[in-house]
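First listed ligand is number 1; within each ligand, the first listed atom is number 1.
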Amino acid sequence: MKSLGFAVTTSHRVKPVLVEYAKQIAGELETRYVERNDRSIEALSAELGVEGMVVVKSKKVSFVSRAGEFFFHPGIAGPRINELKNGKTDQMIDAMSIKPGNSVLDCTLGLGTDAIVASYTVGNSGRVVGLENSPVIAYLVKSGLASYPVADGDTFTAMRRVEVVQADHRDYLRTLPAGSFDVIYFDPMFRLPGRRSPAINNLRALADPEPLDRETINLAVKIANKRVVVKERRGSAEFGRLGFEKIQGGRYAPVVYGVINCQGL
Ligand SMILES: C[S@@+](CC[C@H](N)C(=O)[O-])C[C@H]1O[C@@H](n2cnc3c(N)ncnc32)[C@H](O)[C@@H]1O
């Protein structure tokens with residue numbers, strides 16, 4: 001993944017506490033803190049020769065670039081958890097076939113929406129680890145999952161339980177012994193821009209756009225106890241290329257899930 005040029009600054013309303021926080025984030029992300037000095041983000045980015053800026057405001061930390069603003073929010077995780085509570089089917093959970101106590105490795109964390117829903121399903125006795133290759137996405141989502149206020153207690157605890165690791169899943173998977181997770185899940189960036197939710201499109205400027213490779217899926221199949229699941233567009237040639245024969249999902253849903261059953265392999 002090509003590394004992205006960025007620095008950290010504050011909102012126009014500069015307070016000492018924000019400056020300290022911005023410096024701390026710059027340290028963690030191994031980049032520069034730059035005083036805002038009333039400059040626009042566009043002017044600041046041009047001056048520094050970077051693609052965007054992490055902007056620290058009193059209630060929000062976001063990444064601002066020409067592509068727009070990216071910040072953490074739980075998206076449709078809450079409504080999906082409510083549907084599950086009402087006994088409805090969630091196609092991703094169905095494809096994962098997970099239950100309380102199971103462990104899930106989400107290899108493409110993104111905004112963490114899918115990881116939150118998986119975390120609700122596996123509960124306190126289960127475990128969800130989310131891998132994210134982009135340092136900025138990993139940082140914003142890790143701190144958002146730990147601090148974003150939500151009213152619903154189940155969504156709140158599901159968010160707090162997700163463990164975020166900044167890593168390329170291709171490297172991380174190579175470190176895992178067989179049987180480390182029940183389910184290994186992938187939701188790569190789609191090849192066609194604009195076909196995803198606005199939230200995912202805002203993430204695009206930061207995200208790792210690489211397609212999955214067959215070697216990664218083969219490795220995941222050796223590690224998972226139960227299933228390897230990939231989310232893709234209905235009819236995508238990716239399923240065949242990656243070795244998925246079984247496809248699950250809603251009858252008319254534009255997005256479906258490729259499933260490899262690992263039991264007995
Ligand atoms: C489509 S988004 C995932 C959305 C996520 N399922 C959600 O519910 O918000 C794909 C994410 O995977 C990340 N990604 C892509 N390749 C990766 C890799 N090799 N290792 C770790 N993360 C990766 C991208 O940076 C991006 O944030």
Heavy-atom donor-acceptor pair, Thr155 side chain to Ala151 backbone, under 3.5 Å
no
Looking at Glu232 and Arg241, is there a salt bridge between them, counting it only when a charged N and a carboxylate O are closer than 4.0 Å?
no
Between Ala118 and Val128 the two heavy atoms that sit nearest each other are C-CG2, 3.9 Å
Please determine, by modelled atom types, if Glu20 and Gln24 share a side-chain donor-acceptor pair under 3.5 angstrom.
no
Give the numbers and elements of all ligand 1 atoms closer than 4.0 Å to a heavy atom of Ala167.
20 (N), 21 (C)
List every atom of ligand 1 that sits less than 4.0 Å from any heavy atom of Ile137, numbering the atoms from 1 in the order shown and giving each element.
27 (O)
Side chain or backbone, does Gly112 bring an N or O within less than 3.5 Å of an N or O on ligand 1?
yes
Looking only at distances, can you tell me whether any N or O atom of Asp106, backbone or side chain, sits closer than 3.5 Å to an N or O atom of ligand 1?
no
A student checking ligand 1 against Met189 at a 4.0 Å heavy-atom cut-off should list atoms 1 (C), 2 (S), 10 (C), 26 (C)
For Lys99, does the NZ atom sit with more than 12 other heavy atoms under 6.0 Å from it, leaving out its own atoms?
no
Below 3.5 Å, N or O to N or O, backbone or side chain included: is there any such pair between Tyr185 and ligand 1?
no
Under 4.0 Å from a heavy atom of Leu109: which atoms of ligand 1 are those, numbered in the order shown and with their elements?
5 (C), 7 (C), 9 (O)
Return yes or no for this condition: an N or O of Asp168 is under 3.5 Å from an N or O of ligand 1.
yes
Under the 3.5 angstrom rule, does the side chain of Asp208 hit a backbone N or O of Glu210 as a donor-acceptor pair?
yes
Against heavy atoms of Leu203, which atoms of ligand 1 measure under 4.0 Å?
26 (C), 27 (O)
Within the 4.0 Å heavy-atom shell around Ala207, which atoms of ligand 1 are there?
24 (C), 25 (O), 26 (C)
Is there a path of hydrophobic side-chain contacts, each under 4.5 Å between heavy atoms of I, L, V, M, F, W or Y residues, that connects Tyr120 with Tyr148?
yes
Is there any N or O on Glu210 that sits under 3.5 Å from an N or O of ligand 1?
no
Would you sort out whether Val256 and Phe239 count as a side-chain contact (heavy atoms from CB on, under 4.5 Å), showing the intermediate values?
CA-CA 10 Å; Val256 287; Phe239 288 124; 3.8 Å; yes
Would you say ligand 1 has an N or O under 3.5 Å from any N or O of Ala115?
no
